[in-house]
Amino acid sequence: MRFDRYTVILLTLRSDAPAMTDDEADELQDRHLAHGADMQERGLVLARGPLVDQDNERYRGFSIWSVDAATAREHAEADPAVRAGRLAVEVMTWMMPAGNLQFSRVRPPRSIADATTD
């Protein structure tokens, strides 16, 4: 059986994340979303989004990448929220039977305003 391999990144809230005002957190979130949109528009990220209603509130985001783990890690660690010390990056390879998933290009949100617009 053939398998497709994807790099998966889990973003987690760091236990030592810096305290921020609401305005600072919103500004950082906008830069985080813009970075992710750039990665998605370049075809490096196939799918991404926040994690909600989970057992562990540290889990913040999940993304599936089209590139190898080292390349994905390099780009994920350039995320402004990671560089600011708010989020940590966990990288792994995900395998599944070939052809099991298909991804469509969508317009990714670049800001909180984009993400909350219907």
Side-chain angles (χ1 to χ4, degrees):
M1 178 175 279
R2 290 185 320 106
F3 287 88
D4 289 333
R5 297 170 65 96
Y6 298 97
T7 301
V8 171
I9 291 185
L10 179 63
L11 294 176
T12 60
L13 180 65
R14 291 176 53 134
S15 60
D16 60 348
M20 297 182 165
T21 66
D22 288 345
D23 287 342
E24 291 170 333
D26 287 350
E27 188 271 332
L28 182 60
Q29 182 67 8
D30 279 348
R31 290 190 296 130
H32 163 72
L33 289 171
H35 174 79
D38 289 345
M39 298 298 99
Q40 199 165 349
E41 288 168 352
R42 290 175 57 192
L44 302 174
V45 171
L46 300 170
R48 70 182 182 42
L51 297 169
V52 297
D53 301 329
Q54 72 275 15
D55 291 337
N56 186 335
E57 287 297 317
R58 287 185 47 245
Y59 300 145
R60 294 305 172 108
F62 177 84
S63 54
I64 302 171
W65 294 68
S66 65
V67 295
D68 63 88
T71 302
R73 179 184 300 280
E74 178 183 339
H75 289 291
E77 288 180 348
D79 182 318
V82 174
R83 295 183 69 194
R86 181 158 176 78
L87 299 177
V89 174
E90 295 184 25
V91 181
M92 58 209 79
T93 299
W94 184 33
M95 294 175 32
M96 70 191 61
N100 195 46
L101 281 180
Q102 295 181 10
F103 297 93
S104 299
R105 288 230 173 205
V106 298
R107 184 182 147 315
R110 300 190 67 78
S111 66
I112 295 170
D114 282 352
T116 57
T117 304
D118 288 339

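Owing to the predicted nature of the structure, the values given are computational and were not obtained by experimental measurement. As a basis for the values below, the full set of heavy atoms in this structure was taken, side chains included, without hydrogen atoms, waters or symmetry mates.
Every residue was checked against the salt bridge (Lys or Arg N to Asp or Glu O under 4.0 Å) condition with Glu24, not counting sequence neighbours, and none meets it. With sequence neighbours left out, Ala34 forms a side chain to side chain contact (heavy atoms under 4.5 Å, CB included) with Arg110. The side chain to side chain donor-acceptor pair (under 3.5 Å) check on Ser63 picks up Trp65, with sequence neighbours excluded. Not counting sequence neighbours, Ser15 has no partner by the side chain to side chain contact (heavy atoms under 4.5 Å, CB included) test. Legend: residues meeting salt bridge (Lys or Arg N to Asp or Glu O under 4.0 Å) with Arg107, ordered by chain and number and at least two apart, are Asp114. Judged as a salt bridge (Lys or Arg N to Asp or Glu O under 4.0 Å), and not counting sequence neighbours, Asp23 has no contacts. Not counting sequence neighbours, the partners of Arg42 by the side chain to side chain contact (heavy atoms under 4.5 Å, CB included) test are Met39, Leu44, His75. Taking Gln29 as the reference, His32, Leu33, Ile112 meet the side chain to side chain contact (heavy atoms under 4.5 Å, CB included) condition, with sequence neighbours excluded.
Val82 and Leu28 fall into different hydrophobic clusters, defined by Ile, Leu, Val, Met, Phe, Trp and Tyr side-chain heavy atoms under 4.5 Å apart, directly or through other members.
In this structure, Tyr59 places its OH atom where only 12 or fewer heavy-atom neighbours from other residues, nucleotides or ligands lie under 6.0 Å away.
Between Arg31 and Asp79 there is no side-chain heavy-atom pair separated by less than 4.5 Å. Using a 4.5 Å heavy-atom threshold, the side chains of Arg60 and Leu51 count as separate. A heavy-atom distance below 4.5 Å is not found between the side chains of Val45 and Ile9.
The structure places OG of Ser104 at 11.0 Å from CG of Leu46, a figure rounded to the nearest 0.5 Å. Taken from CZ in Arg58 to CG in Leu10, the straight-line distance is 8.0 Å, to the nearest 0.5 Å. Residue Ser111 holds its OG atom at 12.0 Å from CD of Glu27, rounded to the nearest 0.5 Å.
Within the structure, side-chain hydrogen bond (donor to acceptor under 3.5 Å, both in side chains) contacts touching residues 82-92 (residues at least two apart or in different chains) do not occur. The salt bridge (charged side-chain N to carboxylate O under 4.0 Å, His left out) contacts involving residues 64-76 comprise Arg73-Glu77, where partners must be two or more places apart or lie in separate chains. Sorted by first and then second residue, the ring-ring contact (aromatic ring centres under 6.0 Å, His included) pairs with a member in residues 96-116 read Tyr6-Phe103; sequence neighbours excluded.
Annotation for Val106 and Pro108: closest pair O-CD, 3.0 Å, computed over non-hydrogen atoms. When all heavy atoms are compared, the tightest approach of Gly85 to Pro18 is O-CD, 3.4 Å. Annotation for Thr7 and Ala69: closest pair OG1-N, 3.3 Å, computed over non-hydrogen atoms. Closest approach of Ala37 to Pro109, counting heavy atoms only: CB-O, 3.7 Å.
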Check the pair Leu11, Val89 against side chain to side chain contact (heavy atoms under 4.5 Å, CB included), reporting the backbone distance first and the verdict last. CA-CA 5 Å; Leu11 294 176; Val89 174; 3.9 Å; yes
Quiz: residues 91-102 side-chain donor-acceptor pairs under 3.5 angstrom, not counting sequence neighbours:
none

